[in-house]
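Every chain is numbered from 1 and lettered A, B, ... according to where its sequence line falls, protein lines coming before strand lines.
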Amino acid sequence: MNRILDENLIYEILSVVEEIPQGKVATYGQIARLIGREKNARLVGKVLSMSEYYGRYPCHRVVNHAGRLVPGWTEQRQLLTSEGVPMKDEYHVALKLCQWDS
DNA sequence: GACTTGACATGGC
DNA sequence: CGCCATGCCAAGT
């Protein structure tokens, strides 16, 4: 039954995001995989964009497979650096050093 | 209900 | 992890 999809999706996604340890980051694909929706990585991003509406979650610890930060969200870089996440440049994190080993 | 859009992923170069 | 092309799925219009 796929009557409820967004709510469950949101709950699962946020549950995973919430478990990301400080100083580490996770990719959308990784989260999507953890919730059993590998192909829905984009949905993760959509949900996270609205995550503030559902509650406060460390959505800044989620980046895409290239380690690129959210376009247009300048705060994210400072938040990550404050947590000790190594940055490759202003818009990319060093995934090699800080990708979450779920 | 078809078309477009998106905080994406993966594989090839 | 630079860029290009293709695939995927849900939400919004």
Side-chain angles (χ1 to χ4, degrees):
Chain A
M1 296 289 292
N2 354 333
R3 181 146 34 109
I4 43 183
L5 49 166
D6 50 314
E7 239 180 89
N8 275 17
L9 220 44
I10 291 162
Y11 180 77
E12 294 177 275
I13 292 170
L14 295 181
S15 298
V16 175
V17 173
E18 201 173 29
E19 292 190 47
I20 301 174
Q22 187 179 51
K24 295 248 176 177
V25 297
T27 68
Y28 297 98
Q30 193 142 26
I31 295 172
R33 219 173 286 210
L34 288 172
I35 67 174
R37 287 182 174 58
E38 183 175 348
K39 309 298 165 72
N40 294 37
R42 328 176 87 133
L43 271 299
V44 178
K46 277 197 168 180
V47 172
L48 288 180
S49 69
M50 301 195 293
S51 63
E52 293 181 279
Y53 176 80
Y54 303 105
R56 303 247 165 86
Y57 292 89
C59 38
H60 57 268
R61 295 188 194 136
V62 185
V63 295
N64 71 2
H65 81 280
R68 193 160 75 84
L69 303 182
V70 176
W73 192 13
T74 51
E75 264 186 2
Q76 187 178 19
R77 188 177 67 78
Q78 291 199 345
L79 286 168
L80 290 172
T81 42
S82 298
E83 294 188 351
V85 175
M87 305 290 301
K88 184 174 178 19
D89 60 59
E90 247 196 282
Y91 292 93
H92 293 77
V93 301
L95 277 179
K96 283 186 67 155
L97 307 174
C98 66
Q99 184 164 30
W100 181 33
D101 40 286
S102 48

Whole-Å distance between [N] [atom2] and [X] [atom1]?
X: A:Met50; N: C:dA10; atom1: CE; atom2: C1'; result: 11 Å
X: A:Tyr57; N: B:dA7; atom1: OH; atom2: P; result: 21 Å
X: A:Leu69; N: B:dC8; atom1: CG; atom2: P; result: 11 Å
X: A:Ile13; N: B:dC8; atom1: CD1; atom2: C1'; result: 12 Å
X: A:Asn64; N: C:dC3; atom1: CG; atom2: P; result: 12 Å
X: A:Leu9; N: C:dA11; atom1: CG; atom2: P; result: 7 Å
X: A:Leu95; N: C:dG2; atom1: CG; atom2: C1'; result: 15 Å
X: A:Met87; N: C:dC1; atom1: CE; atom2: C1'; result: 15 Å

Euclidean distance for P, B:dA7 against C:dT6 (whole angstrom):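 Nearest-Å result for B:dA7 against C:dT6 at atom P: 22 Å.
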
Side-chain N,O (A:His92) to OP1/OP2 (C:dG2) below 4.0 Å: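 Checking C:dG2 against A:His92, a side-chain N or O does come within under 4.0 Å of OP1 or OP2.
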
N or O in side chain of A:His65 less than 4.0 angstrom from B:dA9 OP1/OP2: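 Affirmative; the distance criterion is met.
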
Residues touching DNA chain C, which here means a heavy atom under 4.0 Å, drawn from residues 27-47 of chain A: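 Within residues 27-47 of chain A, the residues near DNA chain C are A:Lys39, A:Asn40, A:Arg42, A:Leu43, A:Lys46.
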
Sugar-phosphate, base or nothing in reach of A:Val93, heavy atoms under 4.0 Å: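 The answer is sugar-phosphate, as A:Val93 gets under 4.0 Å only of primed atoms, P, OP1 or OP2.
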
Residues, nucleotides or ligands: over 12 heavy atoms within 6.0 Å of A:Tyr54 OH: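 Counting other residues, nucleotides and ligands, OH of A:Tyr54 exceeds 12 neighbours.
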
Testing the basics here: between [X] and [Y], what is the closest heavy-atom pair and its distance to 0.1 Å?
X: A:Val93; Y: A:Met87; result: CG1-SD, 3.4 Å
X: A:His60; Y: A:Glu83; result: NE2-OE2, 3.0 Å
X: A:Gln99; Y: A:Thr27; result: NE2-CG2, 3.3 Å
X: A:Cys59; Y: A:Ser51; result: SG-OG, 3.7 Å
X: A:Asn64; Y: A:Leu95; result: O-CD1, 4.2 Å
X: A:Asp101; Y: A:Lys24; result: OD1-NZ, 2.9 Å

Watson-Crick or G-U counterpart of C:dA5, or none if no pair lies under 3.5 Å: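 C:dA5 is paired with B:dT10.
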
